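Everything quoted here is computed from the prediction, not taken from an experiment.
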Amino acid sequence: MATAVQTPPTMASLSDPRIKEKLQELRQTDNVTNLFYLVRVYLYLTLVIAATLWFYAINDVSLWLDVPITIVAIFLIGAGQHQLTGLAHEASHHILLRNRFGNDLVSDWFCMFPLFSSTQHYRLQHIAHHQFVNDPDRDPDVSQLQTSGHWLQFPVSHRDFVRTLLKQLWLPNLFRFMRIRAAYNAIPTDKNPYLKKGWKPNKITVRVGILYMLSLIGVLTWLVIDANPLLLAIVPAAMYVAIMTFYAMIPATMYHQSRVHPVISMRVMTLLRMTYV
């Protein structure tokens, strides 16, 4: 006896309640899954770095063999960093973790601080891009591409497109693109539609932070070469106390002022950022 095969009912339109219900299910933030991906990225980076250091240790033939291994490691680490930015993107939409404070704290400490950026600075650029897509005055992505020389005014001919693409793949142009992109996402900028009216970015806070990082690198290098464990314990700690005191005491107006309020205050985020460094 033949049995009738029941086919699932078709959904007539996007307004079908079943579609909306399914979308709501898919939109729910899954802490366990997202943390699993974060841990997986760190395991991947650990394996890449450990394998590279292991090769350095066993390579007794020629230092020149270290060069190709280092290049491969750089590319692999870059791929891992790209995965971190993907997770930070989710955090900028408040969907990395359910708790908003935990969302930004985990994103800052494990995704953005390692890339010398912060979730809130990235969020201001990225959300504005969503709201004002391709708006020449308010889309930060347009401003970034124009500043780095990568903006392409459409329509263009096939020949001009290929010529422009090859020009953009030239390494100095790629480095310029990365530098401009990093600056927009890592430090306060006035190229944002959410900027509080009348406020101008304060360059002192950024310059002090950069000076601290460069000084710390120089001091640590000198102290390691000098091999003085006492100074190595005291001097960096004193520098840390000094930079933390500076950022704790400066007026709130010296921090980025935006109409999009941060989950973690800009002062606390900066103190955490310097602590990570």
Side-chain angles (χ1 to χ4, degrees), residues 78 81-82 84-89 91-93 104-132 137-151 173-218 239-240 242-277:
Q81 290 176 322
H82 187 268
L84 291 180
T85 62
L87 292 168
H89 168 269
S92 73
H93 288 281
D104 279 35
L105 186 63
V106 170
S107 175
D108 272 340
W109 201 260
F110 295 101
C111 298
M112 297 307 273
F113 289 169
L115 303 177
F116 297 96
S117 186
S118 74
T119 304
Q120 177 66 5
H121 284 317
Y122 172 70
R123 177 181 289 130
L124 292 175
Q125 302 297 321
H126 185 63
I127 298 301
H129 166 67
H130 277 299
Q131 186 172 359
F132 307 108
D137 298 319
R138 294 183 292 180
D139 184 349
D141 278 18
V142 173
S143 176
Q144 292 173 37
L145 291 171
Q146 290 175 339
T147 304
S148 65
H150 285 73
W151 179 254
N173 291 335
L174 284 177
F175 287 135
R176 185 184 182 195
F177 171 79
M178 289 188 291
R179 179 178 60 82
I180 298 298
R181 188 85 178 180
Y184 269 76
N185 293 324
I187 59 177
T189 173
D190 57 356
K191 305 291 186 180
N192 192 281
Y194 303 135
L195 200 68
K196 184 175 288 187
K197 189 175 181 180
W199 183 83
K200 293 292 183 181
N202 192 301
K203 295 182 179 180
I204 295 177
T205 55
V206 175
R207 288 173 178 173
V208 169
I210 294 174
L211 179 62
Y212 168 72
M213 288 188 288
L214 295 177
S215 300
L216 185 61
I217 293 172
M239 293 176 65
Y240 171 71
I243 194 67
M244 294 293 280
T245 302
F246 170 79
Y247 282 117
M249 298 300 294
I250 61 176
T253 53
M254 293 183 69
Y255 290 101
H256 188 79
Q257 302 291 307
S258 172
R259 291 181 288 117
V260 178
H261 298 295
V263 177
I264 301 174
S265 73
M266 300 304 292
R267 187 186 302 275
V268 173
M269 183 276 292
T270 303
L271 293 173
L272 291 174
R273 198 173 179 183
M274 289 297 102
T275 299
Y276 183 92
V277 171

Residues which pass ring pair (Phe, Tyr, Trp, His ring centres under 6.0 Å) with [X], listed by chain and number, not counting sequence neighbours:
{"X": "H129", "answer": "none"}
{"X": "H82", "answer": "none"}
{"X": "Y184", "answer": "none"}
{"X": "F177", "answer": "H150"}

Quick one: list whatever passes side chain to side chain contact (heavy atoms under 4.5 Å, CB included) with [X], sequence neighbours left out.
{"X": "T245", "result": "V241, M249"}
{"X": "L87", "result": "Y37, L38, V41, L96, C111"}
{"X": "V206", "result": "I187, P188, I210"}
{"X": "Q81", "result": "I77, L115"}

Using modelled atom types only, decide if a donor and an acceptor are shared between the side chain of [X] and the backbone of [Y] within a distance under 3.5 Å.
{"X": "R123", "Y": "A91", "value": "yes"}
{"X": "S92", "Y": "H89", "value": "yes"}
{"X": "Y212", "Y": "M239", "value": "no"}
{"X": "Q120", "Y": "V260", "value": "yes"}
{"X": "N185", "Y": "Y122", "value": "no"}

Taking all atoms of both residues into account, what is the closest heavy-atom pair of [X] and [Y], and its distance?
{"X": "Q144", "Y": "Q125", "answer": "NE2-OE1, 3.7 Å"}
{"X": "A88", "Y": "S107", "answer": "CA-OG, 3.8 Å"}
{"X": "D104", "Y": "T119", "answer": "O-OG1, 4.0 Å"}
{"X": "M266", "Y": "T270", "answer": "O-OG1, 2.7 Å"}
{"X": "Y247", "Y": "L271", "answer": "CB-CD2, 3.7 Å"}
{"X": "I264", "Y": "V268", "answer": "CG2-CG1, 3.7 Å"}

My understanding is that only residues two or more places apart in sequence, or in another chain, count here; which of them pass side chain to side chain donor-acceptor pair (under 3.5 Å) with W151? Q153
For Y240, side chain to side chain donor-acceptor pair (under 3.5 Å) partners two or more places apart: T275
Pairwise distance [atom1]([X]) to [atom2]([Y]) - rounded to 0.5 angstrom:
{"X": "I243", "Y": "L216", "atom1": "CD1", "atom2": "CG", "value": "10.0 Å"}
{"X": "T205", "Y": "Y255", "atom1": "OG1", "atom2": "OH", "value": "7.5 Å"}
{"X": "N192", "Y": "R138", "atom1": "CG", "atom2": "CZ", "value": "11.5 Å"}
{"X": "L105", "Y": "F110", "atom1": "CG", "atom2": "CZ", "value": "8.0 Å"}
{"X": "L272", "Y": "M244", "atom1": "CG", "atom2": "CE", "value": "7.5 Å"}

Taking atom CG of L174 as the centre, report whether more than 12 heavy atoms of other residues, nucleotides or ligands fall under 6.0 Å from it. yes
Is there side-chain contact between [X] and [Y], with heavy atoms separated by less than 4.5 Å?
{"X": "M269", "Y": "P262", "result": "no"}
{"X": "L124", "Y": "H256", "result": "yes"}
{"X": "Y276", "Y": "P114", "result": "yes"}
{"X": "R267", "Y": "M254", "result": "no"}

Return the orientation label for the H126 and H93 ring planes: parallel under 30°, perpendicular over 60°, tilted otherwise. perpendicular
On the 0 to 90° scale, with breaks at 30° and 60°, tag the Y194-F132 ring pair as parallel, tilted or perpendicular. tilted
Partners meeting salt bridge (Lys or Arg N to Asp or Glu O under 4.0 Å) with R273 (sequence neighbours left out): none
Residue pairs fulfilling salt bridge (charged side-chain N to carboxylate O under 4.0 Å, His left out) with at least one residue in residues 173-186, sequence neighbours excluded: D141-R181
